[in-house]
Amino acid sequence: MREYSIEKTRDIGIIAHIDAGKTTVTERILFYTGISHKLGEVHDGEAIMDWMAQERERGITITSAATTCHWLDYRINIIDTPGHIDFTAEVQRSLRVLDGAVVVFDGTAGVEAQSETVWRQADLYNVPRICFLNKMDKVGADFEKSLESIHQKLSPKAVPLQIPIGEADEFEGIVDLIRQKALYFEGDFGEKVVVKEIPQDLKEKAEEIRQKMLEKIVAEDEVLLEKFLEKKEISSGELQEVLRKATLAYKLIPVFCGASLRNKGIQLLLDGVCFYLPSPKDLPPVQGSDPKTGKNISRKPEDSEPFAALVFKVASDPFVGSLSYFRVYSGHLKKGSYVFNSVTLEKERIGRILRMHAASRNDLDELFAGDIAATVGLKNTTTGHTLCDAESPILLEKISFPEPVISIRITPETKDDQEKLGQALKKLAEEDPTFKRKQDLETGETIISGMGELHLEVLCDRMKREFKVAANVGRPQVAYKETILQEAEAEGKYIRQSGGRGQYGHVFLRIKPKERGEGYEFIDAIKGGTIPQEFIPAVKKGVREAMDKGVLAGFPMVDMEVTLFDGSFHEVDSSEVAFKIAAIQAMQAGSKKAKTILLEPVMKIEVVIPEEFFGDTIGDLNRRRGVIEETKDRAKLKVIESKVPLGEMFGYATSLRSLTQGRGTFTMEFDHYDKIPDNITQEIIEGKRK
């Protein structure tokens with residue numbers, strides 16, 4: 001039996017730029033909803049949601065943690081996500097399965113670089129959201145400036161429902177513009193919400209902002225608009241109802257404010273989650289396809305529908321083994337039952353159902369539509385796989401992840417470590433879709449790739465601690481790519497005569513550049529059977545193999561279209577191996593003709609520094625081949641936005657510290673791949689060949 005109706009269920013994520021206070025907001029939510037009885041602080045390494053050793057040491061969130069709490073008569077399933085861009089996959093996969101999001105902003109900084117990134121990720125999945133302007137108690141906090149930055153950079157649809165009473169040290173409460181009351185948070189932990197009249201000196205300002213709020217809300221409903229124009233009284237219930245509909249349709253975004261560290265404003269944010277964010281029932285049925293026919297099908301968020309769930313995260317747990325987190329979209333699931341994986345086309349048994357609370361867990365007997373839970377021991381199920389009813393299979397849309405931009409070489413210290421390293425890398429790759437591993441065939445070394453230096457540092461740390469692998473780690477290397485600038489045609493012919501049966505493969509390939517980021521496409525344009533159908537996959541394999549090891553410096557080739565348009569075969573001597581080798585030869589010859597160039601990852605950098613270090617910092621970025629895009633003021637600080645090649649950013653944290661007496665900070669995220677200047681290309685080629 002359901003404990004909570006689906007209408008009273010909320011599946012939400014808390015997303016933000018690093019250090020905006022996401023985890024502290026989640027900790028306060030858990031405290032006020034009675035899940036925890038003590039306030040865990042991130043800076044003390046005591047946060048419940050930051051349960052990994054690496055998170056507690058660094059004071060940042062690395063992995064998304066799930067928990068469930070109850071407020072009013074609602075059940076809220078929460079996923080607290082990382083803010084650091086190296087762990088962007090955690091945000092991506094969480095947003096894919098959530099119905100709503102709370103976007104947290106630092107009230108002193110407003111919209112920051114990664115605020116935009118997580119906002120765009122939420123846009124990708126059309127996630128309705130509410131904003132929370134946090135840190136209103138911090139020196140330099142500015143509600144209006146932060147709101148303006150949301151309007152300018154993210155969306156003009158943001159509508160403030162509250163304003164702070166005082167800012168920085170004088171922040172003491174919140175004016176609720178809908179109810180037209182002042183709210184104060186008393187008691188040792190701000191647990192008592194005291195309602196008073198709006199202070200006299202704030203009445204005029206509150207009325208002015210309330211009028212703007214009313215105009216935005218009533219514009220979404222004809223009946224309310226008429227009332228508003230006739231200057232009739234509009235009840236808070238009517239306003240909330242219209243605002244809820246507009247939020248669900250992503251026409252308006254409610255904005256709340258507070259100070260999570262000082263225990264102010266969280267209860268009102270919880271009310272906002274229940275009032276304005278969607279239940280699974282408020283959203284359209286989930287879309288998928290029939291794994292056999294490819295025909296589009298959908299599932300309504302109802303317990304009576306056939307079971308359908310998406311696995312959005314796989315994690316290693318030292319106590320129970322491999323944990324698979326999943327979101328149930330339709331139907332219900334009982335412990336001990338079998339489900340069908342529509343990607344691998346295999347059945348999996350659900351031995352245990354676990355409701356997660358960060359690193360701890362409770363066993364459940366049954367799950368229903370809208371629930372988020374985990375299970376253990378699935379054999380061939382990984383991130384993005386669909387679990388469903390075998391009688392009514394459905395394949396839900398997979399989650400797409402960005403490509404890694406940085407690599408390091410890793411070598412085990414002993415023979416025992418060699419075996420352990422293989423197992424550790426396999427488990428980490430199953431958990432993290434942005435982590436890639438491969439063997440360098442020339443040196444026999446293992447190369448691991450990820451989203452940034454911190455990402456790889458954390459993974460290496462986990463290998464040592466969790467998997468007890470002793471390994472030597474090389475210096476980070478940039479994940480360069482190769483591509484072509486022109487169209488070219490080339491022939492590949494492989495003929496070997498030895499005693500008995502020989503080898504014969506012959507192909508003509510046409511290669512053509514594609515736009516940056518469009519990827520690779522293979523086109524089979526063979527007519528009249530000049531190459532039999534059974535050899536086409538071998539040609540495709542040869543092309544792929546040649547692209548994995550480019551002609552210029554051995555880096556993978558990207559953004560090109562390869563067409564197989566002619567060739568010949570021998571009745572007796574032709575084989576798959578011969579056609580694969582012929583395809584490799586043709587690719588290598590064609591790539592040389594088509595003018596191959598090197599590409600490098602270019603990062604979007606936001607540097608925040610005191611004003612007196614502005615000139616030196618700009619000079620340093622220019623020296624690193626940076627392109628300065630914008631400079632602006634934020635309180636008494638300067639913000640520099642620029643694009644810099646990743647290869648020039650190693651050691652930048654140390655350099656910035658020494659330039660700014662330790663007072664400068666920066667954030668960095670991948671932006672795009674771009675052509676490398678010729679002189680640097682030459683250095684990279686020579687370095688690679690040495």
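Since the model is a prediction, treat every value here as computed from it, not as a measurement.
Annotation for E419: atom CD does not count as buried by contact number, only 12 or fewer foreign heavy atoms lying within 6.0 Å. Other residues, nucleotides and ligands place more than 12 heavy atoms under 6.0 Å from the NZ atom of K481. For K245, the NZ atom is loosely surrounded, since the number of other residues' heavy atoms within 6.0 Å does not exceed 12. The neighbour count for K251 NZ, taken as heavy atoms of other residues, nucleotides or ligands under 6.0 Å away, does not exceed 12. The environment of K420 atom NZ is dense: over 12 non-hydrogen atoms of other residues, nucleotides or ligands sit within 6.0 angstrom.
Residues S146 and L133 share a closest heavy-atom pair of CB-CD2, 3.8 Å. When all heavy atoms are compared, the tightest approach of G21 to K135 is N-CE, 4.3 Å. Nearest heavy atoms, T386 versus L396: OG1-N, 2.9 Å. In plain terms, the two heavy atoms of A653 and F666 that are nearest each other are CA-CE2, 3.7 Å. Between F307 and L387 the shortest heavy-atom distance is CE2-O, 3.7 Å. Heavy-atom minimum distance, V111 versus E116: CG1-CG, 3.7 Å.
For the 3.5 Å distance criterion, the side chains of R28 and N263 qualify, holding a donor opposite an acceptor. Using modelled atom types and a 3.5 Å distance limit, the side chains of D432 and H455 yield a donor-acceptor pair. For the residue pair T344 / N380, no side-chain donor-acceptor distance below 3.5 Å is found, with atom types taken as modelled. Remark: the Y250 side chain and the D123 side chain contain an N/O donor-acceptor pair separated by less than 3.5 Å. For the residue pair H332 and D303, no side-chain donor N or O sits within less than 3.5 Å of a side-chain acceptor on the partner.
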Atom pairs and distances, donor-acceptor, side-chain atoms in residues 281-290, under 3.5 Å, two or more places apart:
unit_1	atom_1	unit_2	atom_2	d
D282	OD2	R244	NH2	2.4
D282	OD2	S279	N	2.8
D282	OD2	S279	OG	3.2
Q287	NE2	P285	O	3.3
D290	OD1	K292	N	2.8
D290	OD1	T293	N	3.4

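Ion pair R75/D371 flagged as a salt bridge, since at least one NZ, NE, NH1 or NH2 atom sits closer than 4.0 Å to an Asp/Glu carboxylate oxygen.
Taking R96 as the reference, nothing meets the salt bridge (charged side-chain N to carboxylate O under 4.0 Å, His left out) condition, with sequence neighbours excluded. In this structure K264 satisfies the salt bridge (charged side-chain N to carboxylate O under 4.0 Å, His left out) test with no other residue, sequence neighbours excluded. Applying the side-chain contact (heavy atoms from CB on, under 4.5 Å) test to E191 and every residue at least two apart in sequence or in another chain returns Y32, F189. Residues that satisfy the side-chain contact (heavy atoms from CB on, under 4.5 Å) test with D671, not counting sequence neighbours, are K604, K643. Contacts of F368 classified as ring pair (Phe, Tyr, Trp, His ring centres under 6.0 Å), with partners at least two apart in sequence or in another chain: none. With sequence neighbours left out, Y4 forms a ring pair (Phe, Tyr, Trp, His ring centres under 6.0 Å) with H70. Remark: S407 engages S449 in a side-chain hydrogen bond (donor to acceptor under 3.5 Å, both in side chains) (not counting sequence neighbours). Here E302 pairs with nothing under the salt bridge (charged side-chain N to carboxylate O under 4.0 Å, His left out) rule; sequence neighbours left out. With sequence neighbours excluded, the residues satisfying side-chain contact (heavy atoms from CB on, under 4.5 Å) with T33 are I29, I35, C69, W71, L270. Judged as a salt bridge (charged side-chain N to carboxylate O under 4.0 Å, His left out), and not counting sequence neighbours, D416 has no contacts.
Side-chain contact between V104 and T24 is absent, with no heavy atoms from C-beta onward closer than 4.5 Å. For the pair C460/I408, a side-chain contact is recorded, criterion being any heavy-atom separation below 4.5 Å from C-beta on. Within the 4.5 Å cutoff, side-chain heavy atoms of I76 are placed close to those of I12. Two residues are said to be in side-chain contact when any heavy atoms from C-beta on lie closer than 4.5 Å; V558 and Y673 fail this criterion. At least one side-chain heavy atom of I130 sits under 4.5 Å from a side-chain heavy atom of F256. Put simply, the side chain of F670 does not reach to within 4.5 Å of the side chain of I406, judged on heavy atoms. Looking at L333 and V339, their side chains come closer than 4.5 Å, going by heavy atoms from C-beta outward. Side-chain contact between M463 and I410 is present, with heavy atoms from C-beta onward closer than 4.5 Å.
Counting only distance, with no hydrogens or angles, the side chain of E305 and the backbone of K300 share a donor-acceptor pair below 3.5 Å. No donor-acceptor pair closer than 3.5 Å links the side chain of R129 to the backbone N or O of N126. One N or O on the side chain of S342 and one on the backbone of I394 form a donor-acceptor pair closer than 3.5 Å. At distances below 3.5 Å, not a single donor-acceptor pair connects side-chain atoms of R437 with backbone N or O atoms of F435. Panel note: side chain K22, backbone D19; no donor-acceptor pair is recorded below 3.5 Å. No side-chain donor-acceptor contact under 3.5 Å links S322 to the backbone of G377. D389 places no side-chain N or O within 3.5 Å of a backbone atom of F340 that could act as its donor or acceptor partner. Within the 3.5 Å criterion, the main-chain N or O of P306 finds a donor-acceptor partner in the side chain of S330. The closest donor-acceptor contact from the side chain of N134 to the backbone of A20 lies under 3.5 Å. For the pair E348 (side chain) and K379 (backbone), a donor-acceptor distance under 3.5 Å is present.
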Please evaluate residues V97 and Y325 with respect to the criterion side-chain contact (heavy atoms from CB on, under 4.5 Å), reporting the C-alpha separation (whole Å), side-chain torsions for both, the decisive distance (0.1 Å), and the verdict. CA-CA 11 Å; V97 296; Y325 288 76; over 6 Å; no
Intermediate values then yes/no, side chain to side chain donor-acceptor pair (under 3.5 Å), E430 and T382: CA-CA 7 Å; E430 280 169 6; T382 188; over 6 Å; no
Audit row: T375, L354, side-chain contact (heavy atoms from CB on, under 4.5 Å) steps and yes/no: CA-CA 6 Å; T375 186; L354 305 168; over 6 Å; no
After noting the C-alpha distance and the side-chain angles of E431 and R462, does the key distance pass the salt bridge (charged side-chain N to carboxylate O under 4.0 Å, His left out) rule? CA-CA 12 Å; E431 273 186 42; R462 286 187 61 195; 3.1 Å; yes
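Going from atom NE2 of H385 over to atom OG of S324 covers 10.5 Å, rounded to the nearest 0.5 Å.
Tested against V25 for a side chain to side chain contact (heavy atoms under 4.5 Å, CB included), the candidates V102, L269, I78, L261 yield a single pass: L269.
Identified under the salt bridge (Lys or Arg N to Asp or Glu O under 4.0 Å) test for residues 325-347, with sequence neighbours left out: D11-R327, D99-R327, K335-D365.
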